[in-house]
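In what follows, chains carry the letters A, B, and so on, assigned in the order in which the sequence lines appear, proteins first and then strands, with residues in each chain numbered from 1.
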Amino acid sequence: MKTLLIKTHEAWLEMLTAAFMSRTESKQILFDFSDILFRHFTWIEHELIRTGEAYDYDRGIIPVKVTRLNDILKVTVSRLLEIDLQLLGTEDRDLAARISADITYMVDVLQKLNDEVVTAFNMERKLPGTELTEEATDALTLFLFDESYKEYELIMIYNYLKAHSNDAFLNRIFQILIDESFFHLKSFGEMMAKMGILAVPRVVMKELYEVDDVVQFLKDGIEEELAAKEECKRLSDAVGNDSEMLSKFFDFINHQENYHIALMKDALAHFQKVNNG
Amino acid sequence: MDVMLIEHMMNPKNYGTLSSANAEGMGKNPQNGEKVVVYIHVKEDEVKPYIDEITFQAIGCTTTIVAGSMLTEEAKGLTLDGAKNLVAATMQLLDKLPPEDAACSEMVALAIKAAVDTYEKRKEEEDYPPITYQVTNDCTPKEESVDENTAD
């Protein structure tokens, strides 16, 4: 099961990256499939927790640099078929059947998608319709690498916390934060693909998601969200003269952080209330 | 920003843990909680032992990842003395970097030094715990420090 979790984790990220690469109607299909694979990941994780098998979020390197979409889709299909084979040894037959049926459908669709030229790795660092100065381009580049990783990290942390909690109130908050981080990750990934600097986020260190002190984690998280707000404001100012559209986008992301902070404060108050009797 | 830097951002070299590691060490920034862990495998059946495998993991920003990617590439294949020279050379360059970049590079260099020192300690004491070194560079950009100091 642990191998199944790792392979599904890799397939999810590979599918998500393929979605960023696509410039056609295939994009939405690939996004939907990556969402399905993330759900498989959570099902497998719950099975590991149920059976008491130790696991973590480590995974291998996922090479995604291609010039044609079909090149990555072929690799993804092979990964999915490998997962399907692994499912034969899964104890929970209902779970295996559910995942296997999804894989059969996804493989069929993936094999029929049209090929496309991929420009997501050309390093040109130009956003279509936007002229940025070199300084603004560098600031945006660093921001996208920092924040795309950060959003992936948050998805993994909140997912881990949710998987290990039976508190409905907290889990509702964790799920909203996961959804919000997915939206941000998708927004930043799209921008990275357009700029030719697409990359898979690096592996998250275990100590970040195996949280011992939830109160401290939430307090630190609120501070980090405040810092992220500042970062968005700085970036909005840096690109403001060159692109009103980009400036508005980063102001929008900045304002969304207020909601995250409010949710984390709610989670903190609830956690403290429950644990103080 | 040159293409080589962007390449390190897109595909950091040597990122991850190392199951065959015979030593690890940590560089830490107490100011912001960022840290870098370096894992090394030193090949011992040679006249001069050398680092034949090296990886790193980080809780840090993209600059730290780029520094980790570049410095671990440099350290690969070096003898222990060679790795110490690399660390010393990196430390001498820190003054020329912006403060936030200096703190990131120092953290990686210190993690390499910590891993090498841990390895040497383990030659005498097998279970010697991983060594941690803390950075001395302030990673706050200068203009922010000025703002803070001049604020009412």
Requested in this report: Give me the contact list for residues 118-130 of chain B versus chain A, heavy atoms only, anything under 4.5 Å, ordered by residue number.
Outcome: none
Report task. Please check if atom CD1 in A:Ile49 has more than 12 non-hydrogen atoms from other residues, nucleotides or ligands closer than 6.0 Å. Result -> yes
Report summary line: The reported gap from CD1 in B:Ile6 to CZ in A:Phe121 (rounded to nearest 0.5 angstrom) is 14.0 Å
Query raised in the report: Could you state the interatomic distance from CD (A:Glu223) to CG (B:Asn32), rounded to the nearest 0.5 Å?
Result: 13.0 Å
Query raised in the report: Taking non-hydrogen atoms and a cut-off under 4.5 angstrom, which of residues 9-27 of chain B neighbour chain A?
Result: B:Met9, B:Met10, B:Tyr15, B:Thr17
Query raised in the report: Is a side-chain donor or acceptor of A:Asp146 paired with a backbone partner of B:Thr62 at a separation under 3.5 angstrom?
Result: yes
Query raised in the report: By number, which residues in residues 129-138 of chain A have some heavy atom less than 4.5 Å away from chain B?
Result: A:Glu134, A:Asp138
Requested in this report: Give, as side chain, backbone, both or neither, the part of A:Arg125 having an atom under 4.5 angstrom from any heavy atom of chain B.
Outcome: side chain
**Report entry** Spacing of CZ belonging to A:Arg202 relative to OG belonging to B:Ser69, to within rounding of 0.5 Å
**Finding:** 11.5 Å
**Report entry** Region of A:Leu208 in contact with chain B, defined by heavy-atom distances below 4.5 Å
**Finding:** side chain
Query raised in the report: Under a 4.5 Å heavy-atom cut-off, does chain A meet the side chain of B:Leu5, its backbone, both or neither?
Result: neither
**Report entry** Contact class of B:Val66 relative to chain A, heavy atoms under 4.5 angstrom
**Finding:** neither
Requested in this report: Counting only heavy atoms closer than 4.5 Å, note whether A:Lys150 contacts chain B via side chain, backbone, both or neither.
Outcome: neither
Query raised in the report: More than 12 foreign heavy atoms under 6.0 Å from CG of A:Asp213: is that the case here?
Result: yes
**Report entry** Any residue of residues 78-92 of chain B which, by heavy atoms, sits under 4.5 Å from chain A
**Finding:** none
Requested in this report: First locate atom CD1 of B:Ile65, then atom OH of A:Tyr149, and finally report the distance between them rounded to the nearest 0.5 Å.
Outcome: 7.5 Å
**Report entry** Between CE on residue B:Met1 and CD1 on residue A:Ile197, distance to nearest 0.5 Å
**Finding:** 8.5 Å
